Enquirer: 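Dropping the structure in here first, questions after.
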Amino acid sequence: MMRFDYAEPATVGEAVALLGASPGRAAVIAGGTDLLVQMREHVRAPAQVINIKKILGLEALHFDPAAGLTIGALTTTRAVETSEFVRRHYAGLHASVVHFASIQVRNRATVVGNVCRASPSADTLPPLIADAATLLVQGRSGTRTVAVEDFCTGPGTTVLAPDELVTRITVPAPPPHTGKVYLKHGRRTEMELATVGVAVTLTLDGAACRDVRIVLAAVAPTPLRAVAAEAALRHRFVDAASIAAAAEAAAAEARPIGDVRGSAEYRREMVGVLTRRALQQALEAGR
Ligand SMILES: Cc1cc2nc3c(=O)[nH]c(=O)nc-3n(C[C@H](O)[C@H](O)[C@H](O)COP(=O)(O)OP(=O)(O)OC[C@H]3O[C@@H](n4cnc5c(N)ncnc54)[C@H](O)[C@@H]3O)c2cc1C
């Protein structure tokens with residue numbers, strides 16, 4: 001590992017000042033489960049590592065029936081996994097952290113770190129996008145809100161400016177009769193990145209679809225909203241025929257590549273299978 005400077009700011013203001021002082025050469029560290037691996041493997045060599053763990057107030061995890069869910073920058077995936085209100089109101093997000101790494105990693109890995117890593121196979125991104133979550137971003141010139149859907153620009157890249165960090169995630173409260181599902185498919189169930197992931201958030205109006213968001217993981221450079229699949233369902237009766245049409249549309253929208261985890265053809269096929277399964281489960285959950 002190369003030599004680097006190390007800082008432990010006490011406030012978000014200090015952290016963004018440090019980031020701004022060496023633009024593009026400093027890296028924020030939270031749990032370190034991605035950054036340290038990248039530094040060991042010489043994928044990244046920041047001149048300065050800024051540890052945000054000493055900043056008070058970033059471990060928030062709370063739910064308000066009107067405002068929704070707040071997840072602070074230091075909230076671990078384990079805290080989300082063991083939260084009763086996440087399990088009850090955000091079943092897709094909950095599912096995404098259950099088969100995530102190992103319990104040791106989950107005790108360190110933050111949800112915000114998973115988002116900022118911007119991996120196409122990141123598990124928390126699809127359900128957060130399906131739930132229309134937003135990020136609060138702070139830089140030297142103030143704060144701004146970014147939809148998680150607009151955050152990733154490519155594998156490992158985001159819209160963050162060099163002096164900006166994410167302080168929290170907000171996930172809107174779900175309307176009644178909303179079913180949420182995240183299905184992760186890998187070569188094994190534990191300690192595995194997704195070969196394909198599908199998140200669905202489906203809101204019903206009787207037997208019809210009032211709204212739906214379908215998000216695919218690991219089949220494009222960034223998490224992908226399957227907008228044609230959503231259009232095949234929105235304001236229509238949710239039945240076997242419309243679910244099959246949506247699943248077919250999702251498979252057509254995927255832009256997979258082949259790698260050690262699976263061929264492009266296999267991934268596309270699995271998008272169809274998992275989308276159909278996720279919609280059926282979301283329909284049951286939303287009734
Ligand atoms: C053995 C192992 C298994 C894994 N399994 C999975 C898995 O099943 N699914 C999965 O999705 N991932 C998995 N990962 C990846 C990793 O654990 C997650 O991405 C984790 O959530 C990252 O969080 P962290 O707090 O450790 O981030 P860090 O490593 O601290 O940071 C990750 C990136 O985000 C940036 N960052 C962190 N916080 C902020 C912030 N507040 N503002 C701006 N930038 C920030 C950092 O600069 C860095 O670029 C695994 C990793 C390991 C080592």
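Everything numeric in this text was worked out from a predicted model, so none of it was measured. One-based numbering, in listed order, for ligands and for the atoms of each.
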Enquirer: Considering only non-hydrogen protein atoms, determine which one is nearest to atom 22 (C) of ligand 1 and report residue, atom name and distance to 0.1 Å.
Expert: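 For atom 22 (C) of ligand 1, the nearest protein heavy atom is D34 OD2, 3.3 Å.
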Enquirer: Which atoms of ligand 1 are found less than 4.0 Å from any heavy atom of E192?
Expert: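 So the atoms of ligand 1 that pass are 8 (O).
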Enquirer: Could you tell me the residue and atom name of the protein heavy atom closest to atom 41 (N) of ligand 1, and the distance to it rounded to 0.1 Å?
Expert: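 Going by distance alone, atom 41 (N) of ligand 1 is nearest to V166 O, 2.9 Å.
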Enquirer: If the cut-off is 4.0 Å to any non-hydrogen atom of R44, which atoms of ligand 1 fall inside it?
Expert: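 With R44 as reference, the close atoms of ligand 1 come out as 48 (C), 49 (O).
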Enquirer: Just let me know how V105 lines up against ligand 1, side chain, backbone, both or neither, with a heavy-atom cut-off below 4.0 Å.
Expert: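 Contact part for V105 vs ligand 1: side chain (C-beta onward).
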Enquirer: Can you tell me which residue and heavy atom of the protein come closest to atom 46 (C) of ligand 1, and the distance to 0.1 Å?
Expert: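 Of the protein heavy atoms, V28 O, 3.0 Å lies nearest.
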Enquirer: For atom 1 (C) of ligand 1, what's the nearest protein heavy-atom neighbour? Residue, atom name and distance, please.
Expert: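 Checking every protein heavy atom, the shortest distance to atom 1 (C) of ligand 1 gives M191 CE, 3.5 Å.
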Enquirer: Does A30, backbone or side chain, put an N or O under 3.5 Å from an N or O of ligand 1?
Expert: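 Yes, at least one N or O pair falls under 3.5 Å.
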Enquirer: State yes or no: do V86 and L183 share one hydrophobic cluster built from I, L, V, M, F, W and Y residues joined by side-chain heavy-atom distances below 4.5 Å, directly or via other members?
Expert: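 Different hydrophobic clusters.
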Enquirer: Atom OG1 of T203 and atom NZ of K180: how far apart are they, to the nearest 0.5 Å?
Expert: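 If we round to the nearest 0.5 Å, T203:OG1 and K180:NZ are 8.0 Å apart.
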Enquirer: Under 4.5 Å between side-chain heavy atoms, counting indirect links through other Ile/Leu/Val/Met/Phe/Trp/Tyr residues: same cluster for I50 and V166 or not?
Expert: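 No, no single cluster joins them.
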Enquirer: Does any N or O of ligand 1 fall below 3.5 Å from an N or O anywhere on L35, backbone included?
Expert: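 Yes, L35 has an N/O under 3.5 Å of an N/O on ligand 1.
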Enquirer: Hey, is V112 touching ligand 1 through its side chain, its backbone, both or neither, going by heavy atoms under 4.0 Å?
Expert: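 The answer is the side chain.
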Enquirer: Hey, is L193 one of the residues with a heavy atom under 4.0 angstrom from ligand 1?
Expert: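 Yes, that is the case, since the closest heavy atom of the residue is under 4.0 Å from the ligand.
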Enquirer: What atoms in ligand 1 come closer than 4.0 Å to a heavy atom of A122?
Expert: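 The list of qualifying atoms is 11 (O).
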Enquirer: Would you be so kind as to tabulate the donor-acceptor pairs closer than 3.5 Å made by side chains of residues 63-75, with sequence neighbours excluded?
Expert:
from: D64; atom 1: OD1; to: A66; atom 2: N; distance (Å): 2.8
from: D64; atom 1: OD1; to: A67; atom 2: N; distance (Å): 2.7
from: T75; atom 1: OG1; to: E59; atom 2: O; distance (Å): 3.4
from: T75; atom 1: OG1; to: A60; atom 2: O; distance (Å): 2.5
from: T75; atom 1: OG1; to: G72; atom 2: N; distance (Å): 3.1
from: T75; atom 1: OG1; to: G72; atom 2: O; distance (Å): 3.2

Enquirer: Does even one non-hydrogen atom of L160 get within less than 4.0 Å of ligand 1?
Expert: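 Within the 4.0 Å threshold, so yes.
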Enquirer: Please report the shortest heavy-atom distance between S83 and L61, naming the atom on each side.
Expert: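 Residues S83 and L61, closest heavy atoms: CB-CD2, 3.9 Å.
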Enquirer: Using a heavy-atom cut-off of under 4.0 Å, does the side chain or the backbone of T167 touch ligand 1, or both, or neither?
Expert: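 No part of T167 comes within reach of ligand 1.
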Enquirer: Distance from R40 atom CZ to M2 atom CE, nearest 0.5 Å?
Expert: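 Answer for the CZ-CE pair, R40 versus M2, is 15.0 Å.
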Enquirer: Starting at NE2 of H99, measure out to CG of D123 and round the result to the nearest 0.5 Å.
Expert: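 Atom-to-atom, H99:NE2 and D123:CG are 10.0 Å apart.
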Enquirer: Using a plain distance cutoff, I'd like to know if L165 has any nitrogen or oxygen under 3.5 Å from a nitrogen or oxygen of ligand 1.
Expert: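 It does not: no N or O of L165 is found under 3.5 Å from an N or O of ligand 1.
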Enquirer: Does the pair R78/E81 count as a salt bridge with the N-to-O cut at 4.0 Å?
Expert: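 Salt bridge flag = yes for E81 with R78.
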Enquirer: Ligand 1 and K184, any nitrogen or oxygen pair closer than 3.5 angstrom?
Expert: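 Right, the criterion is met.
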Enquirer: Answer with side chain, backbone, both or neither: which part of L36 has a heavy atom less than 4.0 angstrom from an atom of ligand 1?
Expert: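 The answer is neither; L36 stays 4.0 Å or more away.
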Enquirer: Please list, chain by chain and in numerical order, all residues satisfying ring pair (Phe, Tyr, Trp, His ring centres under 6.0 Å) with H94, sequence neighbours excluded.
Expert: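 H94 satisfies ring pair (Phe, Tyr, Trp, His ring centres under 6.0 Å) with no other residue.
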Enquirer: Which protein heavy atom lies closest to atom 51 (C) of ligand 1, and at what distance to 0.1 Å?
Expert: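 Minimum-distance protein heavy atom for atom 51 (C) of ligand 1 reads T33 O, 4.0 Å.
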Enquirer: Any nitrogen or oxygen of G32 lying under 3.5 Å from a nitrogen or oxygen in ligand 1? Just yes or no.
Expert: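 Checking ligand 1 against G32, an N or O pair does fall under 3.5 Å apart.
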Enquirer: Could a heavy atom of L125 be found less than 4.0 Å from some atom of ligand 1?
Expert: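 So L125 does not count as touching ligand 1.
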Enquirer: Within the 4.0 Å heavy-atom shell around I29, which atoms of ligand 1 are there?
Expert: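 Contacts of ligand 1 toward I29, numbered from 1: 30 (O).
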Enquirer: Give the minimum heavy-atom separation between L283 and I243, together with the two atoms involved.
Expert: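 Heavy atoms of L283 and I243 come nearest at CD2-CD1, 4.3 Å.
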Enquirer: So which heavy atom in the protein is nearest atom 50 (C) of ligand 1, and how far is it from that ligand atom?
Expert: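 Looking at atom 50 (C) of ligand 1, the protein heavy atom closest to it is A101 CB, 4.3 Å.
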Enquirer: Just by distance, do the side chain of R234 and the backbone of V212 share a donor-acceptor pair under 3.5 Å?
Expert: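 Side chain of R234 to backbone of V212, a donor-acceptor pair under 3.5 Å: yes, one is there.
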Enquirer: Looking at atom 21 (O) of ligand 1, what's its closest protein heavy atom, distance included?
Expert: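 Among all protein heavy atoms, the one nearest atom 21 (O) of ligand 1 is T110 O, 2.9 Å.
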Enquirer: Among T75, I55, D123, I169, which residue places a heavy atom closest to atom 9 (N) of ligand 1?
Expert: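 Ranked by closest heavy atom to atom 9 (N) of ligand 1, first place is D123.
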Enquirer: Distance under 4.0 Å to a non-hydrogen atom of G31: what atoms of ligand 1 satisfy this?
Expert: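 Those qualifying, in numeric order: 24 (P), 25 (O), 26 (O), 30 (O).
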Enquirer: With rounding to the nearest 0.5 angstrom, report the CG to CZ distance, L233 to R210.
Expert: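 Reported to 0.5 Å precision, the distance equals 15.0 Å.
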Enquirer: Do H185 and Y266 have side-chain N/O donor and acceptor atoms under 3.5 Å apart?
Expert: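 The criterion, which ignores hydrogens and geometry beyond distance, is satisfied for Y266 and H185.
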Enquirer: Would you mind checking which non-hydrogen protein atom is closest to atom 43 (C) of ligand 1, with the distance to 0.1 Å?
Expert: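 The closest one turns out to be C116 SG, 3.5 Å.
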Enquirer: Taking 4.0 angstrom as the limit, do D34 and R44 come out as a salt bridge?
Expert: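 No, no charged N to carboxylate O under 4.0 Å.
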Enquirer: Using the rule that two of Ile, Leu, Val, Met, Phe, Trp, Tyr join whenever any of their side-chain heavy atoms come within less than 4.5 Å, decide whether V159 and L125 are in one cluster.
Expert: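 Yes, same cluster.
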Enquirer: For ligand 1, does Q38 get within less than 4.0 Å through its side chain, its backbone, both, or neither, judged by non-hydrogen atoms?
Expert: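 Looking at Q38 and ligand 1, no heavy atom falls under 4.0 Å.
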Enquirer: When you measure from the side chain of R144 to the backbone of V137, do you find a donor-acceptor pair of N or O atoms at a distance under 3.5 Å?
Expert: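 Side chain of R144 to backbone of V137, a donor-acceptor pair under 3.5 Å: no, none is there.
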Enquirer: Using a strict 4.0 Å cut-off to heavy atoms of I52, name the atoms of ligand 1 that fall inside it.
Expert: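 Numbered from 1, ligand 1 contributes 41 (N).
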